[in-house]
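Below is one structure, written out as structure tokens, with a few remarks after it.
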There are 4 protein chains.
Amino acid sequence: MNIKTADEKQQKQALIAETALKMFEENDFYDISINAIAQRSHVAKGTVFNYFKTKENIFMHLLLVGYQEFFLQTLNQLQQAKLTTTDELKSFLLTNTKDLIENHLTLIKLNALRGPVLEGKASREETIEGRKKLYEVHEQLAQFIHDSFPSIDVKTANKIFIIQSSIASGLINLSNLDSFNQEPIPGNMDDFKVSILNDSMETFDFYLTGLLGK
Amino acid sequence: MNIKTADEKQQKQALIAETALKMFEENDFYDISINAIAQRSHVAKGTVFNYFKTKENIFMHLLLVGYQEFFLQTLNQLQQAKLTTTDELKSFLLTNTKDLIENHLTLIKLNALRGPVLEGKASREETIEGRKKLYEVHEQLAQFIHDSFPSIDVKTANKIFIIQSSIASGLINLSNLDSFNQEPIPGNMDDFKVSILNDSMETFDFYLTGLLGK
Amino acid sequence: MNIKTADEKQQKQALIAETALKMFEENDFYDISINAIAQRSHVAKGTVFNYFKTKENIFMHLLLVGYQEFFLQTLNQLQQAKLTTTDELKSFLLTNTKDLIENHLTLIKLNALRGPVLEGKASREETIEGRKKLYEVHEQLAQFIHDSFPSIDVKTANKIFIIQSSIASGLINLSNLDSFNQEPIPGNMDDFKVSILNDSMETFDFYLTGLLGK
Amino acid sequence: MNIKTADEKQQKQALIAETALKMFEENDFYDISINAIAQRSHVAKGTVFNYFKTKENIFMHLLLVGYQEFFLQTLNQLQQAKLTTTDELKSFLLTNTKDLIENHLTLIKLNALRGPVLEGKASREETIEGRKKLYEVHEQLAQFIHDSFPSIDVKTANKIFIIQSSIASGLINLSNLDSFNQEPIPGNMDDFKVSILNDSMETFDFYLTGLLGK
DNA sequence: GATGAATGAGGGTTCATTCAT
DNA sequence: TATGAATGAACCCTCATTCAT
């Protein structure tokens, strides 16, 4: 138990990270204590700090690794999809957005934390390293799109995914205006109702149409 | 003197709120202490609590009142603009978005706080009351658009403004990916660069085009 | 209770400081917790931090203020003593040393903490301010000696008090070599025995003789 | 290989001890972690604890063994010096003090830790054993002086070395009063300036003169 | 109404020490 | 014997909130 392989170490780190992720699905960053993460991971508080230097590092890790995985998966799917028309691409991207919102909502929530909260105390080196890896994957993805659709330049392809997250992230922020703490506000506020999924997809759809041409 | 008129009371409340707003332009919610707000308002800490039951109430107030004012102003401008074509409307809305981003960025930042942070401790009653007032203004604005452009139904008009804020709010979250704590990350990360203003306007432009028809 | 005069505030600060001093008579810096200081002062933990920004500030305060008082008292006594011969001066200084050791041992112990421990986290500004005040008093004392004994220049007079503390401080460090945690070590270790008081006085006596001439 | 000879064991213990000594030259006890000692020794953390029961034991060991070596060396030098007059003795002792301060400052710093910090958690048995060995060497040294200078009794000879360390130790504590965290305090504080070496030697010189007679 | 002193729960983090391998 | 992962007690400190005046 005392000498761990790199793999075993990664597993424990992943255990802690996944616990934090689960908790972040239900609570906000400031309502999640290291103590609670440790307990729910069945690990001592000190152990958490053996794997992450600060609390912020845990969540920065979730953000960076989570997005890397998401974009890698997207790249894979794209490669297998063998799209030929921009309509197919649009359709693919909308499905991809659905996946992002339905299965990776925490990523989108983490975006809001990154600048104002996480960067302040996350390790500069690790963050930059992770950010660069992420940039690479992002570029690969964009490059692949450009290769498949030469009319879409790499820069534009990159932006597509940034806007994708932006839209979803923004709609989370504007959701639930017709309720307070999950409880519906009495009276009619129907026009404040937002469906994160539907509205994201509609907005992104319009964006893609505008960007890629009718 | 120790019995204040309703007006005097409102003035002091406004003073505190404005101070908090100024501070929120420069710092994040969790980096702004009640103490600091009190000091910068030249008021005692206890006085702050005489006007706002909790810290979260202050910022919920800023959000609600700020948006009310913004939408009222928008309504005014709209009434004076006497638009006739949807192109003019689009143009108006884009200019309005520019105003929102350039002069009311705090509103957009506050959106990200609302659900996860503010609602937890903000007064339910006051929030609901404010939310209803806001809804009313929002509806008036939407109604006016509908009246001017019967093809745009009220629900759609409402949504326009929600998407407007969503897009800007989301782009804030995705900005500065090419730097860490304001310092640029060495190496090329150009494709991560985001211009909150330009990209918001472009995205909103495409959205409006899609929504309102070519 | 809510608006304290400067005087009342100083009293509470003094209360906390004195509690810390008492505890420092019995325990080492690292064995004294803020919690314990608060409890023994019948005050909440937070209150301690209302009066001292850091734990180190408390003890730096004790050191600076303690020495200021000691030197002021020494100056007073000196003024009243109206010494005329250097033998009288020597005698006075030895009695003064006795007082320092018997009634202000904590000051001497605090000297050992200052550089390596306190300066790291004590407020730079407050410390420098206190240090300057102390320097002033020290200079006054030295000046008075010089005025009374023109053959002793001010620099030399200053050094007298620095050596006085050094000797006492050093002898504390070398004391109790014949015991371990207060319990005597079995067997004869008589030649390791040190009397802080007697040996300080003897050493200081020899020092003064050497310095001031036979 | 996993059964080490006594000599091999001592070598590893010495390696760890020497590393700790080096680190203590640059940092304070509380700023040196077992982790850091282990790393700089190229040894695992657990290994450190195989050789020293507690952190305090390491430094107590440094103190005891360091002084033993210093006094043995002093004894050797004394035996070779073949002094005949007390003036020569004084001169020898001052040179010896210079050596202590210039090459063994850590010993003097360790004195300040011994009572308040180390004894609390150092092994009683090992400390007492080391202290007795030290006492023996100390006595030999004193005895040799007495044999060479019958007018100096053994007790007095012993005390000479205790005062030697006391003076140096005390002056360390009172040094750097004219700076804060290595940075000079602005303004004139010349009379607070201390030269550990010069002032130790002067003080010790006067002490010896007083003790041994003019 | 205004004040600001007092509160204390709660936070993140450190680090000597243990012990299974 | 060597290892280093796991532990968890203990620490200092923050800050929204209360309430006596």
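By convention in this document, chain letters (A, B, ...) are assigned in the order of the sequence lines, proteins followed by strands, and residues within each chain are numbered from 1.
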Between [atom2] of [N] and [atom1] of [X], the distance in whole Å:
X	N	atom1	atom2	result
B:Gln13	E:dG1	CD	P	12 Å
A:Asp31	E:dG10	CG	C1'	12 Å
C:Ile3	E:dG1	CD1	P	16 Å
D:Ile58	E:dC15	CD1	P	15 Å
C:Ile37	E:dA6	CD1	P	16 Å
B:Gln11	E:dA2	CD	P	12 Å
D:Lys121	E:dC15	NZ	C1'	10 Å
C:Tyr51	F:dT14	OH	P	17 Å

Cation-pi check for A:Phe24 against A:Lys109: NZ or CZ below 6.0 Å from the six-membered ring centre and within 45 degrees of the axis, yes or no?
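Judged by the rule (NZ or CZ under 6.0 Å from the ring centre, within 45° of its axis), A:Lys109 counts as positioned above A:Phe24.
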For a quick test of reading the model: is some side-chain N or O of [X] closer than 4.0 Å to OP1 or OP2 of [N]?
X	N	answer
C:Lys4	E:dA6	yes
C:Lys45	E:dA6	no
C:Tyr30	F:dA10	no
A:Lys12	F:dA6	yes

For A:Lys9 and for C:Phe29, locate the closest nucleotide of DNA chain F by heavy-atom distance; then report the residue assigned to the nucleotide nearer the 5' terminus.
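It is A:Lys9, whose closest nucleotide lies nearer the 5' terminus.
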Could you pick out which residue, B:Gly46 or B:Asn35, lies toward the 5' side of DNA chain F when each is mapped onto its nearest nucleotide?
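Whichever sits nearer the 5' end wins; that is B:Asn35.
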Starting the side chain at C-beta, find the nucleotide from [options] nearest to [X].
X	options	result
A:Asn50	F:dA2, F:dA6, E:dT13	F:dA6
B:Ala44	E:dG4, F:dA5, F:dC12	E:dG4
C:Val43	F:dC12, E:dG12, E:dT7	E:dT7
C:Lys55	F:dC13, F:dG4, F:dA5	F:dC13
A:Phe49	F:dA2, E:dT14, E:dA16	E:dT14

Would you say CD of C:Gln182 has more than 12 non-hydrogen atoms from neighbouring residues, nucleotides or ligands within 6.0 angstrom?
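Incorrect, the count does not exceed 12.
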Can you list the steps and then say if D:Lys12 with D:Thr47 is a side-chain contact (heavy atoms from CB on, under 4.5 Å)?
CA-CA 9 Å; D:Lys12 185 152 277 188; D:Thr47 303; 4.1 Å; yes
Nearest nucleotide by nearest heavy atom, which residue falls closer to the 5' end of DNA chain E, C:Thr47 or A:Thr47?
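Residue closer to the 5' terminus by nearest nucleotide: C:Thr47.
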Nearest-nucleotide comparison on DNA chain E, the residue closer to the 5′ end among C:Val48 and D:Ile34
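It is C:Val48, whose closest nucleotide lies nearer the 5' terminus.
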Whether D:Arg131 and D:Glu119 form a salt bridge (side-chain N of Lys/Arg under 4.0 Å from carboxylate O of Asp/Glu) is what I want to check.
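Counted as a salt bridge, because a side-chain N and a carboxylate O are separated by less than 4.0 Å.
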Checking base pairs now: Watson-Crick or wobble, both atom distances under 3.5 Å. What partners E:dG8?
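WC or wobble partner is F:dC15.
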Nucleotide forming a Watson-Crick or wobble pair with F:dA20, both distances under 3.5 Å:
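Partner of F:dA20: E:dT3.
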Base, sugar-phosphate, or nothing for A:Ile32, non-hydrogen atoms under 4.0 angstrom?
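A:Ile32: backbone/sugar contact only, no base atoms under 4.0 Å.
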Which residue is it: D:Leu110, D:Ile58, D:Leu118? I am looking for the one with a side chain to side chain contact (heavy atoms under 4.5 Å, CB included) to D:Phe29.
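When side chain to side chain contact (heavy atoms under 4.5 Å, CB included) is applied between D:Phe29 and each of D:Leu110, D:Ile58, D:Leu118, only D:Leu118 qualifies.
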State whether the side chain of C:Glu8 and the backbone N or O of C:Thr5 hold a donor-acceptor pair below 3.5 Å, judged by distance alone.
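The answer is yes, because a donor-acceptor pair under 3.5 Å joins these two groups.
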